[in-house]
Amino acid sequence: MSNPVEDAPELPRSNFVRDIIVEDVRNGKNQARVHTRFPPEPNGYLHIGHAKAICLNFGLAQEFGGQCNLRFDDTNPTKEEVEYVDSIMEDVRWLGFDWEDRCYYASDYFDQLYEWAVQLIKAGKAFVCDLSADQIREYRGIPGQPGRNSPYRDRTVEENLDLFTRMKAGEFPDGARTLRAKIDMASPNFNMRDPVMYRILHASHHRTGDKWCIYPTYDYTHGESDSIEGITHSICTLEFEDHRPLYDWYLENLGIHHPQQIEFDRLHLSNTMLSKRKLLHLVQRGYVSGWDDPRMPTLSGFRRRGYSPEAIRLFCSRIGVSKTNGLIELGLLEHSLREELNRSSARIMAVMDPVKVVVDNYPDDLVEEMDAVNNPEDPAAGTRHVPFSKTLYIEREDFRENPPKQYHRLTIGREVRLRYAYLITCTSVEKDASGEITVIHCTYDPATRGGNTPDGRKVKSTIHWVSAKHSVDFEARLYEQLFNEENPDTEEDPNKDFTANLNPKSLEVRSGKIEPSVRGAKPLDRFQFERLGYFCMDRDSTGEKPVFNRTVGLRDTWAKIESKGR
RNA sequence: UGGCUGAUCGUCCAAUGGUAGGACUCAGGACUUUGGAUCCUGCUAUGAAGGUUCGAAUCCUUCUCAGCCAGCCA
């Protein structure tokens, strides 16, 4: 069933990858089939950049009635772990995509890959090389100059077969030999200068255990895996553009199904670090609490922070797909977030910086249950009761003794509305020795129950509140961007510590008072705290004290006006 | 300075030889029981120079700038 309001914003947009597919389908290429794949390496958690690739690959398959596989590119046992495999599956599912029964691993193809390597050796297109890593680098040459052939390049097929078999059998130590494709040491493209196909690694693999001590490289593995799975369009990021001739070479020389590799620009988000290596560093050195720290740009971090999968998908559809090196403003992500959360989040009242209000003419022991709308954007969300009594808390900044111009909130002598409750007028304040306001005295108009004005009079402001004796103490975790710099991922100087850009104020812990209806909430439940922002219950919550992560604040027009006045 | 790829409002994306458009941001305004949401208005762009054409963001030439590539990482 389709919901145009929900679905329309996520409609696929025209982009060059889609154009290629449209054309291929029209020409009947691959029997007009569309089959894509999302191929993460299980060496870290998925981040928002991966979400772009996931939405593209799964989205395209969906749109053209095709399929999208999940495939783990697990050819490097020294960096890969099952923890990452599990988290990746969880995150893709959470984002809203389904690979059905098509979860594959490149390691599933190790036997086939080995056979194909033997085939290339027999065809005189691959050889065992005894050069060390340093020597290979030296022989490879430099830009503008051709490399030199390895002295082992002309070994006989028999010798290559024998050596390769013994490499597999574990006769040689790590790094002693490699299997290389015999292509062209003079190619201007370094990837074609006799690239390594297999290296010796006596390491245990998270899936194949100790079965192998030689492992295929990415270049030798990826295209063949695509081919085996019948992939039609192999969509990857720009840095693999130079690898495409090699991708094509393996497939052509093996004479097997040849998918088309198409490259697009990976996501670059302002004030955000999207390098897996550096994110791992933040986790390992304890700069954040883990991969799912709500400040992390990982999908698990965003989830814990309170982002919805719909919001992330919406963002991904808005940024488009191209080949330009762009930097997306964080504001676009937050805009998509607010737009989605606004229509989906239940409202609740919470006071973050409480100051006491006493309604002097309200009966001492009376408690009234006020009707409050759960979500003005969604009538189906219903209503709830909020208890009202003589002593309340309001936000300290919603009262000013000497209000600036254009300040509409409470001040002595002024009437404002308490949301869903009564109109109140401030009469006086009490202060402590230091001059800080301790109590605000008000009177209420009993005729305005629910916040209505039977006489039609207007008040400029409506503020939120909680009943003091009914309210629940809670902890709020307020986040700001992890990095101060707009582009923290430019590593001009490799020796410079990128953590120097870390925002020391990225986390602020506060406590406040919240409406008792919060009692039914569970971790990951999302709310809008009226007039404050979107918050998500954290798993650190206890029965005593709920903990909330601030997902993102509400647009604050007043803050903008006031800061301009200064 | 070897190769590959790219360059359109401040940002991102579209226009596929025929009126440069949308979104975000920003600036105004309307409305409002969230200074929220919503609605309206406005601002700003084809990297440069030549050429082809009735007509060029689009085709050609030269230049400039940017990203990526010298892992037995992916």
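Below, chain A is the first sequence line, B the second, and so on; all start at residue 1.
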**Prompt:** Would you call A/E562 and A/R400 a salt bridge, taking side-chain N to carboxylate O under 4.0 Å as the test?
**Reply:** yes
**Request:** Fit a plane to each ring of A/Y105 and A/F72, take the angle between them on a 0 to 90° scale, and name the class: parallel (under 30°), tilted (30 to 60°) or perpendicular (over 60°).
**Result:** parallel
**Request:** Look at the rings of A/Y114 and A/W212 and say which category their plane angle falls in: under 30° parallel, 30 to 60° tilted, over 60° perpendicular.
**Result:** tilted
**Message:** Taking B/U46 as the reference, what is the distance to B/A57 when you measure between their C1' atoms (whole Å, please)?
**Reply:** 5 Å
**B/U44 and B/A20, which share atom name C1', separated by this distance in whole Å** = 13 Å
Of the options [options], whose atoms approach the side-chain atoms of [X] most closely?
{"X": "A/R409", "options": "B/A70, B/G35, B/U32", "value": "B/G35"}
{"X": "A/D242", "options": "B/G3, B/U11, B/U34", "value": "B/G3"}
{"X": "A/H335", "options": "B/G36, B/U25, B/A74", "value": "B/U25"}
{"X": "A/S322", "options": "B/A14, B/A7, B/G35", "value": "B/A14"}

**Message:** Can you tell me whether the base of B/G50 sits syn or anti, using the 90° cut around 0 to define syn?
**Reply:** anti
**Request:** Would you please indicate if the ring centroids of A/F127 and A/Y152 are separated by under 6.0 Å?
**Result:** no
**Asked** Does a distance-only test, which skips hydrogens and angles, find a donor-acceptor pair under 3.5 Å between the side chain of A/Q528 and the base of B/U34?
**Response** yes
